[in-house]
Participant: 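My questions will all concern the structure given below.
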There are 2 protein chains.
Amino acid sequence: MTLSEENYLKAIYHLEKQYKEGVPTNAIAEEMETKASSVTDMIKKLSGKKVLTHKKYQGARLTEKGLLHAKAVIRKHRLWESFLVEKLNFKWDEVHEVAEQLEHIKSEKLIRELDRFLGYPKTDPHGDPIPDEEGNIQVQEKELLSQLEVGERGICVGVRDSSAAFLQYLDKYGISLGKELAVLHKEAYDESMVVELDGKKITISNQGASNLYLKQK
Amino acid sequence: MTLSEENYLKAIYHLEKQYKEGVPTNAIAEEMETKASSVTDMIKKLSGKKVLTHKKYQGARLTEKGLLHAKAVIRKHRLWESFLVEKLNFKWDEVHEVAEQLEHIKSEKLIRELDRFLGYPKTDPHGDPIPDEEGNIQVQEKELLSQLEVGERGICVGVRDSSAAFLQYLDKYGISLGKELAVLHKEAYDESMVVELDGKKITISNQGASNLYLKQK
DNA sequence: ACAAATTTTTAGTTTTGCCTAAATTTATTT
DNA sequence: AAATAAATTTAGGCAAAACTAAAAATTTGT
């Protein structure tokens with residue numbers, strides 16, 4: 001599989017959560033920052049390789065083979081992100097572009113050994129689960145901060161938006177994975193929340209609270 | 001610079017040691033396992049980018065800019081090889097293909113941090129020097145085993161041929177970098193040598209002895 | 001239901017890096 | 001110094017992965 005093909009598989013994999021019956025060409029085009037006609041071309045090529053199926057005008061769906069390959073790429077991406085943060089002093093908002101490159105390196109041994117070297121991590125620096133060699137993904141019970149009620153508490157376990165902008169916003173307020181917080185107040189007008197973190201009160205917009213995952217304490 | 005362009009620079013860099021006044025098109029073609037006409041195309045492109053110069057029918061020479069870029073790629077290659085051996089349990093005959101991929105990853109921070117993480121190694125697993133960030137290469141005094149006289153001794157510091165076949169041949173005879181050996185006998189007929197290593201006598205063909213570097217004890 | 005709007009596909013180009021075949025230049029013989 | 005051989009370049013093409021513009025299919029709105 002080429003770099004470009006792998007990126008399509010990854011994009012379609014992520015979009016399948018949203019589009020249960022066929023991922024539309026336009027959705028893929030937007031995700032890949034390309035044009036719909038390019039997507040059509042690639043879908044034809046990939047369906048020839050049996051990694052996805054498509055009926056004209058009906059979007060794409062990964063086959064079992066395609067799913068496995070997509071998860072293998074995601075496994076590599078998340079292991080490399082872990083490596084960058086754990087061993088090379090990268091911050092969680094700096095790892096994405098480099099991991100986008102590293103995820104395409106071809107070597108079974110490399111990934112097996114990297115996994116061992118890192119101590120078989122279960123999640124990456126953003127809290128996303130790392131698929132195992134067979135493509136199994138352990139799903140963690142979690143909910144968005146925005147869904148908590150006043151008085152409830154939880155521990156930060158992941159982000160829904162892993163853009164550098166959001167991650168830096170969290171850094172600024174001292175929010176990182178593993179920290180506990182409690183909801184003190186919810187503003188009816190704009191859905192912003194006042195939460196307690198490390199004994200301090202901080203206010204988080206609804207947009208922020210809708211992108212931070214917690215697990216029930 | 002694309003992956004292909006970087007591979008050309010690297011090939012030309014290595015060939016410049018052999019061809020002091022312009023690396024011939026055919027030599028590059030052979031090194032790159034491609035055709036001379038493809039090389040001509042690429043040379044034109046690269047000279048447009050000012051990383052090399054060429055006069056028609058006169059071969060190619062790297063400019064200062066091209067030299068720096070080539071050495072940067074080689075630095076990455078050798079740092080990754082060191083990482084694979086030191087941290088990921090790769091053997092010295094297994095690192096080449098993976099490092100060929102990893103050397104093209106673009107991130108200054110990645111390489112700076114990798115270098116630090118490895119403790120600023122001076123040589124890679126084959127004994128080749130690792131250029132520093134400015135492209136300086138520390139040259140080590142060394143000579144081929146085949147050039148030693150009977151009675152002389154030395155410490156293995158590098159290989160001239162880093163093919164898996166040669167490295168496995170060395171493994172089989174217990175020869176690795178850092179080991180000391182002494183020349184006991186030289187066969188006049190075929191130039192093969194009997195050397196002492198770890199108290200045992202082993203015979204090495206001229207071909208083998210012509211690819212192992214030692215430093216004077 | 002059917003016209004309008006949207007989505008998707010088709011057709012025809014472009015660029016990169018490679019190829020073959022042919023032409024040209026340089027090097028080697030005699 | 002030709003003639004031949006070898007090396008190099010030119011010319012014309014191909015495949016991958018993108019693009020634009022236009023055609024076709026599907027969905028939506030009234």
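Quick caveat, the model's predicted, so the values are computed rather than measured. Letters go in sequence order (proteins before strands), and every chain restarts at 1.
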Participant: Send over the distance from B:Lys55 NZ to C:dT24 P, rounded to a whole Å.
Facilitator: 23 Å
Participant: Does a donor on one side chain and an acceptor on the other come within less than 3.5 Å for A:His126 and A:Glu81?
Facilitator: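 Checked: A:His126/A:Glu81 side chains pair up, N/O donor to acceptor below 3.5 Å.
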Participant: D:dT10 phosphate, OP1 or OP2: any side-chain N/O from B:Lys44 under 4.0 angstrom?
Facilitator: yes
Participant: Do the numbers put A:Lys87 on top of the ring of B:Phe117, so that NZ or CZ is under 6.0 Å from the six-membered ring centre and no more than 45° off the axis?
Facilitator: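 Checked: cation-pi criterion not met.
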Participant: How long is the line joining CG of B:Asn7 and C1' of C:dT16, in whole Å?
Facilitator: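 Going from CG in B:Asn7 over to C1' in C:dT16 covers 15 Å.
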Participant: Taking CD from A:Glu30 and P from C:dT8, how many angstroms apart are they, rounded to a whole number?
Facilitator: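 Going from CD in A:Glu30 over to P in C:dT8 covers 12 Å.
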Participant: A:Ser4 has a side chain; which of D:dA18, C:dC18, C:dT26 sits nearest to it?
Facilitator: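 Nearest to the side-chain atoms of A:Ser4, counting from C-beta on, is D:dA18.
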Participant: Select base, sugar-phosphate, or nothing to describe what B:Thr25 touches, counting heavy atoms under 4.0 Å on all strands.
Facilitator: sugar-phosphate
Participant: Counting side-chain heavy atoms from C-beta on, which of D:dA24, D:dT8, C:dC19 comes nearest to A:Tyr57?
Facilitator: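 In terms of side-chain proximity for A:Tyr57, the closest of D:dA24, D:dT8, C:dC19 is D:dA24.
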Participant: For B:Met42 and C:dT16, what is the distance between atoms CE and C1' respectively, to the nearest whole Å?
Facilitator: 8 Å
Participant: On the nucleotide C:dT8, are OP1 or OP2 found under 4.0 Å from the side-chain N or O atoms that A:Asn26 carries?
Facilitator: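 Yes, A:Asn26 has a side-chain N/O under 4.0 Å of OP1/OP2 on C:dT8.
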Participant: Does a donor on one side chain sit under 3.5 Å from an acceptor on the other, for A:His104 and A:Asn7?
Facilitator: yes
Participant: Can you find an N or O donor on one side and an acceptor on the other, under 3.5 Å apart, linking the side chain of A:Ser37 with the base of D:dT20?
Facilitator: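 Flag set: donor-acceptor pair detected.
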Participant: Can you check the A:Gln58 CD to D:dT27 P distance for me, whole Å?
Facilitator: 7 Å
Participant: Mind calculating the distance between NE2 (B:His54) and C1' (C:dT26) to the nearest angstrom?
Facilitator: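 Rounded to the whole Å, the gap is 16 Å.
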Participant: Between atom NZ in B:Lys35 and atom P in D:dA7, what is the gap in whole Å?
Facilitator: 15 Å
Participant: Specify the separation, in whole Å, of atom NZ of A:Lys56 and atom P of D:dT26.
Facilitator: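 To the nearest whole Å, that distance equals 9 Å.
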Participant: Is it true that the NZ or CZ of A:Lys109 lies under 6.0 Å from the centre of B:Phe90's six-membered ring and within 45 degrees of the ring axis?
Facilitator: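 Verdict for B:Phe90: a cation-pi partner in A:Lys109.
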Participant: At less than 4.0 Å, is any side-chain N or O atom of B:Tyr8 found next to OP1 or OP2 of C:dC18? Yes or no.
Facilitator: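 It does, given that an N or O in the side chain of B:Tyr8 lies less than 4.0 Å from OP1 or OP2 of C:dC18.
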Participant: Would you mind checking if B:Lys10 and B:Glu100 are paired as a salt bridge, meaning a charged N to carboxylate O distance below 4.0 Å?
Facilitator: yes
Participant: Under 4.0 Å: is that the gap between some side-chain N or O of A:Thr40 and OP1 or OP2 of C:dT9?
Facilitator: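 Answer is yes, contact under 4.0 Å.
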